[in-house]
Novice: 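Sending over a structure as structure tokens; questions will come in a sec.
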Amino acid sequence: MKETIKSWTLSILVIGSLLLTWQNWSFQPEYENVNSSESVQETTEIAETREAGEVVRPNQGVVRSNGSSSLMTEDQAASDLDKVYRQFEEADISETSVTDLDHNELYQRASSSEYSIELVFPSAISWSMVNELFSFEDENNEVEEALDGSIDRIILTASPGSEELNAVFVSYDEGAIVNSNTNLDKNEIEYEQYLAEHESMLTHDVDEDGYEKHIYLPQNPGSRTNYTYASTDLSTKEFQQVLMPDENTQSLQTYTNDSTEVITDGTRELRINNAGDYLRYANPTYSEQTDGSDTSSIISSFEFVNNHAGWSDEYRYYSSSTIDGETTDTFRMSKGGLPVFRESNGSDFASIQVSNVGTQTTGYSRPLFDLENNPVRTGDAGVSTDLPSGEETLEAVQEQCSSSLVEDIQIGYSISRNGENSGYYDMEPGWFVRCDGSWSPVEFDEEGNEEGGE
């Protein structure tokens, strides 16, 4: 009898154990539906986010037809240039193939075509960014393998007998072009209007990896207006939250060095200049852990700024450079379609610069002010400045910079603070040259740079 009771007791215990095991395996707690963005601290939003096509975009368009040509620039033909770019962004691109770059043949074909438009970017963009900007119907491994470098410009051509445009992506870096077809109807592009309405131009050739890359200058730029803008300060505390999150505040040290405020956790460093209008951040943690690659750097840099809504003014991707494995991408301030320049003590105070080693951000520098959308009229604001002609500018550039070092020539604005402690900034138009990687104003004699009135 005792043995029977033991057997039943043991059986009950085994069955109970099995039931508990089944419940543990089958039990699902009623968690709230939490997405990944809510499971971490909410990202600080400082200003605005942007679409890639708003930041990475051409600053010039050259329209050609049977030997005639005209220049569209962002300041003088913003709506037309933007329209063409948007049309191409929305087009489907197919049948891509890679061939060697024959520079003379490429431009002979563009000039002799029924119509063509050349979209010129301020600096070369990686093929990975090209894929972000445009819609490719097919993946071509040949293109991916051939283009480790970047795309400098895109030429859209209308061939006789075809209603759809061809697109040629030009890479001076790799000495290659990517030919492709699009579904963009040539009749949707207002070539004749663009040729009739926009500027005559000069073409200057510079050496680019053994090729004669064309630089385009307006032949008679006329005048541009001086402006003064009020500004709003950006919060340094918000940048500190982004770059040095709250969990690290106990280990932060703050001190002053040569009138510059320095915040550091012993590794990372945040510097605010004495005027409070410029920030510089350094994070050397990853600088020796991975090889630099500029193939995806522009995407990493764009997303880094976008992730904290850091676009306070209009900014355009303007250049990229790699030194000792670290790639720095520059997004330059733009006003009225013109690039803005402000050099001080070796720093470019009118641009956002993001440095990467691989996909890790190692540096970040930027202005700490946001200009108002509309200018105010104080001092010389509203006074127009007559700009020297394209020919006069080329002559002055040749005196200032060796022809082998000239990389670009643009009309832009020089920005300066209106008064030492003022929240106003003056914009003065002029010509600028990029010589051996650095931008500076083109130097004219007094006769070549006269100012006019309103």
Side-chain angles (χ1 to χ4, degrees), residues 59-60 62 69-77 120 122-123 198-208 212-229 318-319 332-351 375 377-419 425-454:
N59 63 338
Q60 292 181 327
V62 178
S69 62
S70 66
L71 178 64
M72 297 192 297
T73 57
E74 270 205 294
D75 69 316
Q76 298 295 294
V120 183
S123 185
H198 298 306
E199 300 176 271
S200 57
M201 66 180 190
L202 292 177
T203 301
H204 178 66
D205 292 335
V206 297
D207 180 75
E208 180 79 10
E212 291 184 348
K213 185 173 78 172
H214 295 330
I215 292 178
Y216 304 110
L217 294 78
Q219 190 166 5
N220 297 299
S223 62
R224 300 292 189 276
T225 304
N226 297 37
Y227 292 113
T228 295
Y229 287 89
Y318 225 73
S319 66
R332 184 164 298 285
M333 187 185 293
S334 175
K335 271 297 182 184
L338 291 177
V340 180
F341 301 92
R342 181 190 177 201
E343 293 285 340
S344 178
N345 297 323
S347 297
D348 188 345
F349 276 47
S351 69
R377 293 176 64 87
T378 62
D380 292 334
V383 174
S384 62
T385 297
D386 295 327
L387 298 176
S389 68
E391 291 181 357
E392 291 172 323
T393 301
L394 282 176
E395 290 177 3
V397 166
Q398 290 168 358
E399 292 290 329
Q400 184 175 337
C401 178
S402 171
S403 59
S404 61
L405 299 178
V406 175
E407 298 171 1
D408 200 0
I409 304 169
Q410 294 288 335
I411 296 172
Y413 280 115
S414 176
I415 185 173
S416 60
R417 188 186 284 269
N418 185 315
Y425 290 86
D426 295 329
M427 298 277 206
E428 183 177 351
W431 283 99
F432 294 82
V433 58
R434 185 178 183 183
C435 179
D436 196 22
S438 298
W439 285 97
S440 60
V442 177
E443 299 171 359
F444 297 92
D445 57 30
E446 293 183 1
E447 293 181 357
N449 191 18
E450 297 178 353
E451 292 188 356
E454 291 183 296

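The model shown is predicted, which means the values in this text are computed figures rather than measured ones. Position 1 is the first residue of the sequence, and the numbers go up from there.
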Novice: Tell me whether the count of non-hydrogen atoms from other residues, nucleotides or ligands lying under 6.0 Å of CD in Glu212 goes above 12.
Specialist: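 Result for CD/Glu212: open.
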Novice: Please round to the nearest 0.5 Å and tell me the distance separating atom CD of Gln60 and atom CD of Glu74.
Specialist: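 Answer rounded to 0.5 Å: 9.5 Å.
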Novice: Does the side chain of Arg224 come within less than 4.5 Å of Asp75's, by heavy atoms?
Specialist: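 The answer is yes; the side chains approach within 4.5 Å.
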Novice: Is it the case that the side chains of Thr385 and Asn226 hold a donor-acceptor pair, with the cut-off being a distance below 3.5 Å and no angle test?
Specialist: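 Present: a donor and an acceptor within the cut-off.
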Novice: How far does SG of Cys435 sit from CD1 of Ile409, to the nearest 0.5 angstrom?
Specialist: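 It is 10.0 Å, given to the nearest 0.5 Å.
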Novice: Do the ring planes of Tyr318 and Phe341 sit parallel (below 30°), tilted (30 to 60°) or perpendicular (above 60°)?
Specialist: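 Plane angle over 60°, so perpendicular.
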Novice: For the side chain of Gln76 and the backbone of Thr73, is there at least one donor-acceptor N/O pair under 3.5 Å apart?
Specialist: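 No.
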Novice: Is there side-chain contact between Pro388 and Trp431, with heavy atoms separated by less than 4.5 Å?
Specialist: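 Contact flag for Pro388/Trp431 side chains = yes.
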Novice: Check Pro221 against Gly390 and note the closest heavy-atom contact, atom names and distance.
Specialist: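 Taking every non-hydrogen atom into account, CD-N, 4.2 Å.
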Novice: Report yes if the side chains of Asp408 and Trp439 come closer than 4.5 Å at any heavy-atom pair, otherwise no.
Specialist: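 Of all side-chain heavy-atom pairs linking Trp439 with Asp408, at least one is under 4.5 Å.
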Novice: If you define the side chain from C-beta out and look only at heavy atoms, does anything of Tyr216 sit under 4.5 Å from Thr203?
Specialist: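 Heavy-atom side-chain distance check passes, below 4.5 Å.
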Novice: Rounded to the nearest 0.5 Å, what's the gap from OG on Ser70 to NE2 on His198? Could you check?
Specialist: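 That separation rounds to 6.5 Å.
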Novice: What I'd like to find out is whether the side chain of Thr225 reaches to under 4.5 Å of the side chain of Pro429, using heavy atoms alone.
Specialist: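 No. Closest side-chain heavy atoms not under 4.5 Å.
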Novice: Enter the distance from Leu202:CG to Leu217:CG here, rounded to the nearest 0.5 Å.
Specialist: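 So the gap between those two atoms works out to 6.5 Å.
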Novice: Just checking, Lys335 and Tyr229: is the charged tip under 6.0 Å from the six-membered ring centre and within 45° of the axis?
Specialist: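 Verdict for Tyr229: a cation-pi partner in Lys335.
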Novice: Counting C-beta onward and ignoring hydrogens, is there a side-chain heavy-atom pair between Ile411 and Thr393 closer than 4.5 Å?
Specialist: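 A side-chain contact is absent here, since even the closest heavy-atom pair is not under 4.5 Å.
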Novice: To the nearest 0.5 Å, what is the distance between CE (Met427) and OG (Ser414)?
Specialist: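 Between Met427 CE and Ser414 OG, I get 9.5 Å after rounding to 0.5 Å.
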Novice: Give a yes or no on whether the backbone of Val340 and the side-chain of Arg332 come within a donor-acceptor separation of less than 3.5 Å.
Specialist: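 Between the backbone of Val340 and the side chain of Arg332 there is a qualifying donor-acceptor contact (under 3.5 Å).
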Novice: To the nearest 0.5 Å, what is the distance between CD (Glu428) and OG1 (Thr228)?
Specialist: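 Answer for the CD-OG1 pair, Glu428 versus Thr228, is 10.5 Å.
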Novice: How far apart are the C-alpha atoms of His214 and Asp205, what are their side-chain angles, what is the distance that settles it, and do they pass the side-chain contact (heavy atoms from CB on, under 4.5 Å) test?
Specialist: CA-CA 5 Å; His214 295 330; Asp205 292 335; 2.5 Å; yes
Novice: Counting N and O atoms only, with roles assigned by atom type, does the side chain of Glu407 sit under 3.5 Å from a partner on the main chain of Gly437, one being a donor and the other an acceptor?
Specialist: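 Here the side-chain-to-backbone pair exists.
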Novice: For residues Ser389 and Asn220, is any side-chain donor paired with an opposing acceptor at under 3.5 Å?
Specialist: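 Not at all, the side chains of Ser389 and Asn220 share no donor-acceptor pair under 3.5 Å.
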Novice: Does any part of the side chain of Gln410, heavy atoms only, come nearer than 4.5 Å to the side chain of Asn59, both counted from C-beta?
Specialist: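 Side chain of Asn59 against side chain of Gln410, heavy atoms only: contact under 4.5 Å found.
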Novice: Within the structure provided, determine whether Ser223 and Asp386 are in side-chain contact (heavy-atom separation under 4.5 Å).
Specialist: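 Ser223 reaches Asp386 side chain to side chain.
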Novice: Could you tell me whether a side-chain N or O of Gln400 sits under 3.5 Å from a main-chain N or O of Glu443, the two making a donor and an acceptor?
Specialist: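 Checked: pair present.
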